[in-house]
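As the structure is a computational prediction, the values presented were derived from the model and not from experiment. Order of the sequence lines fixes the chain letters, A, B, ..., with proteins taken first and strands second; residue numbering starts at 1 for each chain.
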There are 2 protein chains.
Amino acid sequence: MTETSPTSRQRRAPRTARERARAELTAAIKEEARRQLAEVGAHGLSLRAVARELGMVSSALYRYFPSRDELLTALIVDAYDALGEAGEVAVARESVACEQWRAACRAMRDWARAHPHEYSLIYGSPVPGYVAPERTIAPAERAPRVLIETLRTAWGTGGIEPATPQVPVPAALRTQAETLGRSFAPDLPLPILLRGVVAWTQLTGMIGLELTGHFVGVFEPADAFFTHSVEELMAFVGLH
Amino acid sequence: MTETSPTSRQRRAPRTARERARAELTAAIKEEARRQLAEVGAHGLSLRAVARELGMVSSALYRYFPSRDELLTALIVDAYDALGEAGEVAVARESVACEQWRAACRAMRDWARAHPHEYSLIYGSPVPGYVAPERTIAPAERAPRVLIETLRTAWGTGGIEPATPQVPVPAALRTQAETLGRSFAPDLPLPILLRGVVAWTQLTGMIGLELTGHFVGVFEPADAFFTHSVEELMAFVGLH
DNA sequence: ACAAATTCGAGAGCAGTGCTCTTGACAGTG
DNA sequence: CACTGTCAAGAGCACTGCTCTCGAATTTGT
């Protein structure tokens with residue numbers, strides 16, 4: 001969040017007063033938009049309201065974000081980064097693999113519950129007609145990478161059981177998983193990698209169901225079921 | 001879909017011409033709304049456009065649905081029912097538990113891919129400011145009930161392994177799971193029931209990630225990963 | 001069968017939205 | 001100093017959800 005040294009960043013610090021003002025206003029717009037997003041959701045996010053709150057006129061806002069979708073995209077990228085960072089710092093605080101896994105899952109759920117509308121923005125229904133631009137895929141990988149990375153280090157230190165798969169991996173899936181493994185965890189056995197992905201899908205599903213209220217009247221609060229699921233799937237991926 | 005005998009339905013058949021016209025128009029509105037929903041999504045669904053397409057004026061539509069949210073709620077209930085029914089007929093076609101489980105999972109994914117916007121309506125981000133009315137929770141239970149019901153019959157016929165849980169069920173979760181089991185599958189052991197719920201959450205998560213495009217460039221198509229996950233989780237719940 | 005009550009579609013209108021275009025003022029650079 | 005590019009502001013377009021009123025049609029009660 002804090003500014004790093006000028007040489008460490010590709011995007012150099014703004015020199016002129018105009019560039020500086022522009023950067024600050026862009027940040028202020030995003031901040032206000034994020035506030036309104038938390039209040040009224042993506043559907044209720046209004047460019048006019050954001051501009052009004054910032055004391056400017058709506059048309060001026062289009063100098064910074066060419067469309068409402070563009071603003072949402074910026075918020076989406078930020079949300080991916082925030083979620084990923086939440087998981088990363090949670091993992092960094094722990095040293096043994098099991099605790100890292102638990103911390104990562106808990107951090108992602110906590111972040112989702114603290115920012116439900118931002119979470120819905122990235123894992124909920126896509127804004128209709130909206131297609132994710134190229135620059136969102138890299139930040140999107142950050143969160144699942146936290147889980148896979150935990151498995152990778154655990155595999156390196158022998159903290160993970162070889163997870164004998166009852167189910168053979170078909171050829172079509174094998175090639176897909178291999179390319180995935182090459183960019184995520186080259187040395188991790190494919191069955192373990194796949195189980196990690198399965199665990200990730202379960203995590204997003206469980207968080208999504210909780211946020212959309214599918215657990216009301218059943219698992220309420222959902223804490224017990226959540227921690228239990230994490231334990232079950234930790235055994236599923238082979239962590240011990 | 002077809003009309004049953006007057007006594008078999010609580011809501012009797014419309015007597016007067018006015019009631020009959022009202023019922024038909026209500027259905028026509030929902031049908032047109034569903035068509036537009038599939039095209040432009042929940043965000044783009046416009047009451048005026050629906051009315052326009054039906055050759056009436058927008059204000060007249062409010063005689064049938066008092067608000068846009070009310071129309072969406074009707075579509076949500078229908079979506080829950082359609083998804084649940086898709087799972088039910090898929091299970092009914094099979095006789096052995098494993099095939100029933102596979103069929104149910106496949107049916108739900110197929111329905112979701114065929115009606116992505118309707119699926120997003122019920123499992124995606126909630127429409128902002130929208131709170132699910134009471135009458136949606138019964139249809140919402142229908143889909144997960146299909147999976148649990150499959151486990152219940154499998155347990156009755158011995159088609160399911162006692163799934164020795166490595167993870168003990170804490171007290172708080174036990175009481176929640178017991179009340180859930182009472183209404184879903186009274187005779188099913190709690191650990192199996194809980195694993196069934198975990199499998200359901202994974203299913204919704206995986207379908208949601210596929211629909212929101214999180215698998216593009218990784219599992220594309222996602223068929224192989226989907227069937228593999230189903231197999232893995234089938235073993236996880238103890239089906240064999 | 002006739003009158004009363006209810007329901008209905010249509011139209012006007014309000015407040016709000018995303019977005020475009022033009023206008024005049026300001027800052028940065030030659 | 002003058003020029004060029006950027007900026008905020010305002011007016012305006014087409015659209016939205018929703019409310020209200022007003023006749024017309026239909027159902028209901030007597």
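- Residues meeting the salt bridge (Lys or Arg N to Asp or Glu O under 4.0 Å) test with Arg34(B), sequence neighbours left out: Asp78(B).
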Annotated protein contacts, base or backbone, on nucleotides 10-22 of chain D with a non-hydrogen cut-off under 4.0 Å, one of B, S, - each: B-B---BBBBB--

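- For Arg102(B), the side-chain contact (heavy atoms from CB on, under 4.5 Å) partners two or more places apart in sequence, or in a different chain, are Cys98(B), Glu99(B), Arg106(B), Val230(B), Glu231(B), Met234(B).
- Ion pairing between Glu141(B) and Arg145(B) holds under the 4.0 Å rule for side-chain N and carboxylate O.
- For DNA chain C, none of the residues of residues 29-37 of chain B falls under the heavy-atom distance limit of 4.0 Å.
- Applying the side-chain contact (heavy atoms from CB on, under 4.5 Å) criterion to Ala79(B), with sequence neighbours excluded, gives Trp111(B), Glu118(B), Ile122(B).
- Nucleic acid contact class of Leu25(B) (heavy atoms, under 4.0 Å, all strands): sugar-phosphate only.
- Within a 6.0 Å sphere centred on CD of Glu31(A), other residues, nucleotides and ligands contribute 12 heavy atoms or fewer.
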Please list, one pair per line, the donor and acceptor atoms closer than 3.5 Å that link side chains of residues 176-183 of chain A to other protein atoms, with sequence neighbours excluded.
{"from": "Gln176(A)", "atom 1": "NE2", "to": "Pro221(B)", "atom 2": "O", "distance (Å)": "3.1"}
{"from": "Thr179(A)", "atom 1": "OG1", "to": "Gln176(A)", "atom 2": "O", "distance (Å)": "2.8"}
{"from": "Ser183(A)", "atom 1": "OG", "to": "Leu180(A)", "atom 2": "O", "distance (Å)": "3.4"}

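- Residue Phe65(A) is classed as having no contact, given no heavy-atom separation below 4.0 Å to the nucleic acid.
- At a threshold of 4.0 Å, the pair Arg142(A)-Glu88(A) counts as salt-bridged, since one of the basic side-chain nitrogens sits closer than that to a carboxylate oxygen.
- For the side-chain hydrogen bond (donor to acceptor under 3.5 Å, both in side chains) test, residues two or more places apart in sequence or in another chain that qualify with Arg135(B) are Glu70(B).
- Classification of the Tyr123(B)-Tyr80(B) ring pair by plane angle, with boundaries at 30° and 60°, yields perpendicular.
- Residues forming a side-chain hydrogen bond (donor to acceptor under 3.5 Å, both in side chains) with Thr201(A) (at least two apart in sequence, or on another chain): Gln202(B).
- A rotation axis mapping the C1' atoms of four pairs onto the next four is fitted at both ends of the helix from dA1(C)-dT30(D) to dG30(C)-dC1(D) over five pairs, and the angle between these axes is 10° to 10 degrees.
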B/S/- contact track for nucleotides 25-30 of chain D, protein heavy atom under 4.0 Å: BBSS--

Would you tabulate the side-chain donor-acceptor contacts of residues 50-63 of chain A under 3.5 Å, counting partners in other chains and residues two or more places apart, or write 'none'?
none

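- Spacing between atom CG of Leu61(B) and atom P of dG11(C) amounts to 15 Å, rounded to whole angstrom units.
- Partners of Glu32(A) under the salt bridge (Lys or Arg N to Asp or Glu O under 4.0 Å) rule, at least two apart in sequence or in another chain, are Arg35(A).
- The aromatic rings of Phe215(B) and Phe225(B) sit perpendicular to each other, their planes meeting at more than 60°, with 30° as the lower class boundary.
- Straight-line distance from the CG atom of Leu54(A) to the P atom of dC7(D): 15 Å, rounded to whole Å.
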